[in-house]
Structure formats: structure tokens, C-alpha cells
Amino acid sequence: MCSIILALSTLFACVTLSYANRGPFLEQIGNTTWTFGNDLWNVTQGAIYASNVYFRGTELVGSASGHYMGYDGENNFVWSSAAITSRGEDYIDVSFSCKEGELHWVIFDGQAGAYQYFVNRALPDLKPTCATSPSPDFSLYQNATKVQDETWQLANGTFITKYDFSDYVRERDFYGVYGPDVGSWYIHPGTDYYNSDHLSQTLTVHRESATGDSVQLNVVQDTSHFRVGEKVVQPAGKVWGPWLWYLGSVEDAKEQSSEELAKWPYSWLKDAAYQSRGAISGDLRLSDGRPASGAAIFLGDTDSTRRPSIQGRDYYYTTQTDQDGRFSLENVRSGTYGLYAWPDGGALAGVYTNLSMSGIKVAAGAVTKLGPLTWSVPDQSKRLFSIGEFDKKALGFRNGGPPYQHGVSEQSPANLTFTVGKSQTSDWYYAQALVGTWTIEFYLNGSDLALGDRAGSATLSLSFAGYSQSTAMDVTINDQLLGSLDKDTFASDPSLYRSGKTSGEWRLVQYSIPRASLREGFNRLGFIITRYTQWRGFMWDSIILEWA
Ligand SMILES: *[C@@H]1O[C@H](CO)[C@@H](O)[C@H](O)[C@H]1NC(C)=O
Ligand SMILES: *[C@@H]1O[C@H](CO)[C@@H](O)[C@H](O)[C@H]1NC(C)=O
Ligand SMILES: *[C@@H]1O[C@H](CO)[C@@H](O)[C@H](O)[C@H]1NC(C)=O
Ligand SMILES: *[C@@H]1O[C@H](CO)[C@@H](O)[C@H](O)[C@H]1NC(C)=O
Ligand SMILES: *[C@@H]1O[C@H](CO)[C@@H](O)[C@H](O)[C@H]1NC(C)=O
Ligand SMILES: *[C@@H]1O[C@H](CO)[C@@H](O)[C@H](O)[C@H]1NC(C)=O
Ligand SMILES: *[C@@H]1O[C@H](CO)[C@@H](O)[C@H](O)[C@H]1NC(C)=O
């Protein structure tokens, strides 16, 4: 092995001299070994790993395993051939084939990095990952105790885990791993090939616990880490990317990321479906006359029986409405979509309903204008109270929100009393896990109950940002059982035990409370944990009580 590497570097030193400024290139140097790159960088690709990454004369991968790709988190793509499939004045498009599809590297003259995209041929289900580069602090793992997958507890009780390095895929600018001089980055200016909605999360980087190598991930189809896992059939011809794999300093990457945003969608990609794009705009009003301000807007599958979190066959677009309830999306691939809108806190904090529409056509070069559309909401005057903002996230509650951190649900108290009108939102915790009772005390006076006499019952809406089994909860009103929530009611999502403090898979449960179960004076809603499972539990979003 060593002698081969030496021989290659000697050979390439000569090649560089004779081919100075030769621009983008692909060279086959063995049966399943290729070198490609440009005058700034080059990569040597084997059947599975691309091991040598030279950038401005320095090798970046070292003893780490290098770049690989596959599905289900494995290095299972085996490259059997490579060819330049198209070229322009200043670039070549190199396609590496494996039986599942083709990974393209689009190499421009003088660019510090390359665009990549993957075209599906025969994937069962996908979460491609790519990896590069070494880094420090491996010593911490040696004395730590492994407590769950890729999660270790240090002597002082704190945890280290790859899940702490996760984020919301549609909110990223760029990410990667870097040393003192140079970093390896992924810049995804377009995100339409990512599955799922605003709440789509995945890992970014981690340390290979066996070797200490730093791993830079590029997960473009995550169907399981932070939601209820569900496989999605991938149509042949689906394209993930192009994104940019970029080499440079943090400052360079930042600048490059805004340049890529301005260039997206890329005009150089010779793919008619990729280039066929239109725009859509809309105007959303609530049925009570208010504009649907700051709502989450998702352009997804036209089949709305599949919830946004598990959609992932095609291409997806997300945005927010403005203060006036208007939204617009540009550069949407032409096709037929479903439109979904739901509250994202702010002015819509107390709304738990949503709007969905099917069969919306976006045509190339045209703007589809929707609206005004009316979104039905319950009569706000029937509201008794709400705690937390409805946004499918645990924001606003104690310990809720970033950063990702393992095991924080254990810091929530077992028992808690929240008094409506007196307690603050931040007195409620983001997650409930320990055996005990959380109580909401609320006062009803004669005029409240007179409204209740007319309504006959109240509706309790419990919105959860996530749930990890097998924690179980009884819900009571004035000590009467309304229902029990557990692993038989909710399918488990891994968010809470994988450092999620904002959201996992959203759920809404509603109970009808007969007027007779409520009384003048203090009433008590109880949330009683009857079964504990370490690091698992209920992640709260909001609680709303109103007359029916
Ligand atoms: C090279 O490829 C040919 C054709 O696929 C195969 O017969 C041969 O065994 C390969 N040689 C090596 C060294 O892998
Ligand atoms: C790859 O880059 C290294 C370092 O700059 C250089 O020595 C080598 O010749 C390059 N390889 C090719 C095939 O250009
Ligand atoms: C690990 O434990 C050994 C022996 O107890 C100690 O010498 C060393 O400093 C520890 N390393 C770290 C990183 O805590
Ligand atoms: C626990 O130990 C790690 C590793 O030494 C250190 O980085 C961290 O700050 C410590 N945390 C606390 C709360 O002591
Ligand atoms: C809309 O609300 C219904 C009823 O609560 C729910 O089943 C559905 O999942 C919601 N859809 C979205 C996109 O939030
Ligand atoms: C929670 O309250 C119950 C009932 O009052 C009590 O038995 C239990 O000890 C409390 N748990 C903690 C951790 O304080
Ligand atoms: C009853 O309580 C409501 C708030 O729940 C308050 O707006 C109203 O003024 C109260 N009415 C009386 C008569 O105290």
C-alpha cells in the first residue's frame, strides 16, 4: 500500500509540471481508480473511498477513511465506472456509476471544490452520506461510558454525542469540518430535494468513535433520526442536488454560500426537468378576518393523506407568510403540488387548525396566484386559556429550543403546578419524563360558566412537539380520567433521546370535557406520568382549552 502511494505522488508531481493550468480533468489510473479535480485540488477515487484530497498542495484526509457514499448510513455505493458526461467552456461533469445510480462531480476551472448531484436509478430508500478529514479531542471518548448509540457519558456526568451536531436542514447556510487553514464544506443553496417540511432535521458532522476521525455528513434524505421512521419509495430519475462541496476558510465558505444562493438554480445543469420552474404566491386569511401572519407554508405532495413530515418522493418548498398573510415561492419545479399551512407561533399562537389544498399546478415560467384563501379557525372568544405557542415546537418552555443536548429531559421536575394568569410560559418545561404530576390550575367564574352552559362542553387540545416511547401519561380533569397517552397511542420518534429540544414528530390530541366536569373556582388539569423510560417522554408544544 505504502509503496503505491509513494509511486503515485512521485508520478503526479511530474504530471503537475507538464500539465500546469490544464483545468478540470478526469484520469483513470486503475481498473476502479480515478483521479479528478482541477488546478487547485484533486481527489483519488477508488471503488468505495475517495482517499486522497489535495488542496493547494496539501493532502487533507490523512489517515481518515475519506469520502464515501451510500444509503442507510452505510458505505454501500461501489463505483464501477466514471466518465465525463457533459462539458461546457469552463467545466466538466464527471459521472461515477454504481448500481443504485450516478454521482456527478461538476468541476469548474479554478473553483475550490465541486458541485455534486446524485441521480437515482434503483435505490431502495435513501440517506446518502459522505465523509472526509481528521480532527482533535478523541481522548475524551477513551474514558467515557457508552450509554446509547454514538452517545458517551463523561466522568463529570455530561454527555458527548453526534446528535448534538444536528440541525434543521432548510435553515442552514453551510457546514463542514475545518482545521487551522482549510475546511471542507457543504453548501446547499437549493433545498427542494430534501424530504419533509420545515421541521426536517439531520446530522451534520460527527466523530468516528472507533478511529477518532471527524466525519462530515451530507444526509440528503433523512427519514428516521428525528421523526417516526417511514420508508419512501424513490422514483428513478430523482435528482438530489446539485450542492457545492467547497474547500476554504470559514470566511471563504460564508462568502461562497451567499454567491451560490444568488446563482441557484444552476443554469449549467443540462436537465430539462431541473430547469423547468415557475413561481407561486398566495394570500391567506383566517375565518375570523385576521391575516394568517407568520404561518408555515409547505408546498408538498398533492396527496395530503401523507403528512408533510414523511413526504419525500419528489421536491419540496417551504416558506413563511408575512405579517399580511402573503407568501411567494420562486424557482419551484413545474408540477402539481399540495399546499399546507399551519401556525408557527406569533400572531397565530392560539390557532391549532391548518389549511390544506390539493392539485395546485405550477407551470414553467408562470406565476400561480392563490387566494385569498380562507383558513377556518375556532372562535377566539371561546378560549379559556392557552399555554405555549402552537408551532409544532417546544420553544418558549424551560429548556426548550437550541442547542441540541442529550438527556436534558431528566432536568424537568417530576411534579409541577402551573397557575393560569400567574405562571409564565417558561415555568412549564419543554419535556415531561419523570414519574409525577404536572398540574394546571385555572379559575372559572360565573360568567365563564354561563358561556359553558351554552356550549355544553369544552375542548382540550394538547399539541406535542414529539414523543419517545415508552413513557406513559394519564390526562385528568378535576381527578377524572380523560385519557391515557403511551406507545400504543403514539408511534415513537427518537428526537428526545437524540438531543432534540425543539421538535420531533408533531401530534395533536383533543378531549371533550363535559360542562358538568368543570366548576366555579379552581379547576385542575392533570398530566400524570405513570411510566418512566430514561431520556424518553413527551415534548410539549401547546395546551389550549376552549368552550366547544
Ligand atoms: C479489471 O477489470 C476487468 C474487467 O472488468 C477484470 O476482468 C479484471 O480482473 C480487473 N482487474 C483487476 C486488477 O481488478
Ligand atoms: C494533485 O494535487 C497534488 C498537490 O497539488 C499534485 O502534486 C498532483 O500532481 C495532483 N494530481 C494530479 C493528477 O493533477
Ligand atoms: C483518562 O483516564 C486516565 C487514567 O485514569 C487518565 O490518566 C487520563 O488523564 C484520562 N484522560 C482524560 C482525557 O480524561
Ligand atoms: C465535563 O467535562 C468535559 C471534558 O473535560 C468538559 O469539557 C465540560 O466542560 C465538563 N462539564 C462540566 C459541567 O463540568
Ligand atoms: C391539520 O389538522 C388535522 C386535524 O388536526 C391533522 O390531522 C393534520 O395532520 C394537520 N395537518 C398539518 C399539515 O398540520
Ligand atoms: C411528586 O409528588 C408525589 C405526590 O405528592 C410525591 O409522592 C413524590 O415524591 C413527588 N416526587 C418528587 C420527585 O418530588
Ligand atoms: C371572569 O373571568 C374572565 C376571565 O376568565 C374575566 O374576563 C371576567 O371579567 C370575569 N368576570 C367576572 C364577573 O369576574
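Note that the structure is a prediction, hence the values are computed from the model and not measured. Excluded from the calculations below are hydrogen atoms, water molecules and symmetry mates; all remaining heavy atoms, backbone and side chain alike, are included. In each ligand, atom 1 is the first atom listed, and ligand 1 is the first ligand listed.
Counting protein heavy atoms only, atom 6 (C) of ligand 6 is closest to Asn415 ND2, 4.2 Å. The nearest heavy-atom contact from the protein to atom 2 (O) of ligand 5 is Asn354 ND2, 2.3 Å. Atom 14 (O) of ligand 5 has Lys392 NZ, 2.7 Å as its closest protein atom, hydrogens excluded (heavy atom only). The protein heavy-atom contact nearest to atom 5 (O) of ligand 5 is Leu508 CD2, 3.5 Å.
Not a single heavy atom of Tyr352 sits less than 4.0 Å from an atom of ligand 5. Within the 4.0 Å heavy-atom shell around ligand 2 one finds Phe25. Distances from ligand 2 to the non-hydrogen atoms of Arg56 include no value under 4.0 Å.
Remark: ligand 2 atoms within the under-4.0 Å shell around heavy atoms of Thr35 are 13 (C). Applying the 4.0 Å criterion to heavy atoms of Arg22 picks out, from ligand 2, the atoms 12 (C), 13 (C), 14 (O). Interface atoms of ligand 6 facing Ala414, defined by a heavy-atom separation under 4.0 Å, are 13 (C).
A donor-acceptor pair is defined here as one N or O able to donate and one able to accept, closer than 3.5 Å; such a pair exists between the side chain of Tyr340 and the backbone of Asp301.
Between Arg524 and Glu441 there is a salt bridge, with a side-chain nitrogen of the basic residue lying less than 4.0 Å from a carboxylate oxygen of the acidic one. One finds a salt bridge joining Asp493 and Arg507 here, because a Lys/Arg side-chain nitrogen approaches an Asp/Glu carboxylate oxygen to under 4.0 Å. With respect to the salt-bridge test (charged N to carboxylate O, under 4.0 angstrom), the residues Asp344 and Lys393 qualify. Taking a cutoff of 4.0 Å between a charged side-chain nitrogen and a carboxylate oxygen, Asp283 and Arg326 qualify as a salt bridge. The pair Asp427-Arg398 meets the salt-bridge criterion, with a side-chain N (NZ, NE, NH1 or NH2) lying under 4.0 Å from an Asp/Glu carboxylate O.
Atom 9 (O) of ligand 6 lies below 4.0 Å from none of the non-hydrogen atoms of the protein.
Between Phe36 and Phe96, the distance from one ring center to the other falls under 6.0 angstrom. With ring centers used as reference points, Tyr352 lies 6.0 Å or more from Phe390. Annotation: Tyr91 is not in aromatic contact with Tyr115 [ring centroid separation under 6.0 Å not met].
Polar contact with ligand 5: absent for Trp342 (N/O pair, distance under 3.5 Å). Checked by distance only, ligand 2 and Asn42 come closer than 3.5 Å through their nitrogen or oxygen atoms.
Of the heavy atoms in Glu59, none comes closer than 4.0 Å to ligand 2.
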